[in-house]
Participant: 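The structure that follows is given in the form of structure tokens.
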Amino acid sequence: MGQAEDRGRGVYAISVAAELVGTGQQNLRLYERRGLLEPGRTLGGTRQYSEDDLVTLRRIGELLDLGLNLAGIRMVLLLEADNRRLEGELKAASASRSPVRRE
DNA sequence: CTTCTGACA
DNA sequence: TGTCAGCA
């Protein structure tokens, strides 16, 4: 399954990432400064936006439309990430329990 | 490509 | 406060 790896490696320059999500390059840099996301960097220091980064970027746009400020969006993203992790743990925990016996 | 600065709603 | 334009 190389798809999960492609997700984190699909790389876009800030100019194409900005155009893909419909915003300016300046905003993407601001989002990073405010801790909303952390795109990869080349050895030269240029940002590399992955497919996952584009997803969170579009999520940021949604939250922005809902009226949240960047600080609020940062917390939502953190909580959602935490939630996905817990969901995975819960799923793994229920799978490790023997399906026939429930407590 | 980068950071920074200022103007606008 | 977030967005955008221009500069170095």
Side-chain angles (χ1 to χ4, degrees):
Chain A
M1 310 211 172
Q3 296 239 320
E5 299 168 1
D6 295 346
R7 210 178 299 164
R9 286 174 203 177
V11 149
Y12 305 88
I14 191 173
S15 59
V16 345
E19 193 171 356
L20 285 177
V21 302
T23 187
Q25 310 178 9
Q26 217 59 228
N27 297 322
L28 300 192
R29 298 192 180 105
L30 182 63
Y31 299 160
E32 180 179 0
R33 187 171 300 233
R34 291 302 183 49
L36 273 54
L37 46 20
E38 192 142 347
R41 295 288 186 122
T42 64
L43 286 78
T46 64
R47 278 166 254 252
Q48 306 252 217
Y49 290 87
S50 70
E51 204 71 47
D52 279 352
D53 289 330
L54 294 186
V55 171
T56 56
L57 245 24
R58 297 189 187 98
R59 183 84 182 109
I60 290 174
E62 282 180 23
L63 268 17
L64 238 27
D65 285 340
L66 289 178
L68 293 181
N69 61 17
L70 296 184
I73 293 177
R74 182 179 63 86
M75 297 197 66
V76 169
L77 293 177
L78 287 174
L79 287 170
E80 287 181 342
D82 235 51
N83 213 286
R84 283 191 299 272
R85 184 186 61 79
L86 287 172
E87 191 174 332
E89 282 191 12
L90 184 59
K91 180 179 161 191
S94 66
S96 70
R97 264 193 302 271
S98 152
V100 285
R101 178 192 42 185
R102 71 237 148 218
E103 314 195 13

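Chain letters run A, B, ... following the sequence lines, proteins first and then strands; every chain starts at 1. Keep in mind that this is a model prediction, so the values were computed, not measured.
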Participant: Among residues 56-81 of chain A, which ones have heavy-atom contacts with DNA chain B below 4.0 Å?
Facilitator: none

Participant: Please round to the nearest 0.5 Å and tell me the distance separating atom CD of A/E32 and atom CZ of A/R29.
Facilitator: 9.5 Å

Participant: Can you tell which of A/V16, A/L54, A/V55 makes a side-chain contact (heavy atoms from CB on, under 4.5 Å) with A/V21?
Facilitator: A/L54

Participant: Pull out every residue in residues 28-41 of chain A that has a heavy atom closer than 4.0 Å to any atom of DNA chain B, ordered by number, or say none.
Facilitator: A/R29, A/R33, A/R41

Participant: What distance do A/M75 atom CE and A/D82 atom CG have between them, rounded to the nearest 0.5 Å?
Facilitator: 11.0 Å

Participant: Mind checking whether A/Y31 and A/R74 have side chains closer than 4.5 Å, heavy atoms only?
Facilitator: no

Participant: From A/L28 CG over to A/I60 CD1, what is the distance, rounded to the nearest 0.5 angstrom?
Facilitator: 8.0 Å

Participant: Look through every strand shown and name the nucleotide pairing with B/dT2 as Watson-Crick or G-U wobble, where both distances are under 3.5 Å.
Facilitator: C/dA8

Participant: State the CZ-CG distance between A/R34 and A/N69, to the nearest 0.5 angstrom.
Facilitator: 9.0 Å

Participant: Quick one: pull up CD in A/Q48 and CZ in A/R41 and give me the separation to the nearest 0.5 Å.
Facilitator: 10.0 Å

Participant: Examine C/dG2: is either OP1 or OP2 under 4.0 Å from a nitrogen or oxygen in the side chain of A/N27? Give yes or no.
Facilitator: no

Participant: Which of residues 11-26 of chain A have a heavy atom under 4.0 Å from DNA chain B?
Facilitator: A/A13, A/I14, A/S15, A/Q26

Participant: Does A/E87 pair with A/K91 as a salt bridge, N-O distance under 4.0 Å?
Facilitator: no

Participant: We want to know whether A/D53 and A/S50 form a side-chain donor-acceptor pair, criterion being a heavy-atom distance below 3.5 angstrom.
Facilitator: yes

Participant: For the CG atom of A/L37 and the CD1 atom of A/I73, what is their distance to the nearest 0.5 Å?
Facilitator: 10.5 Å

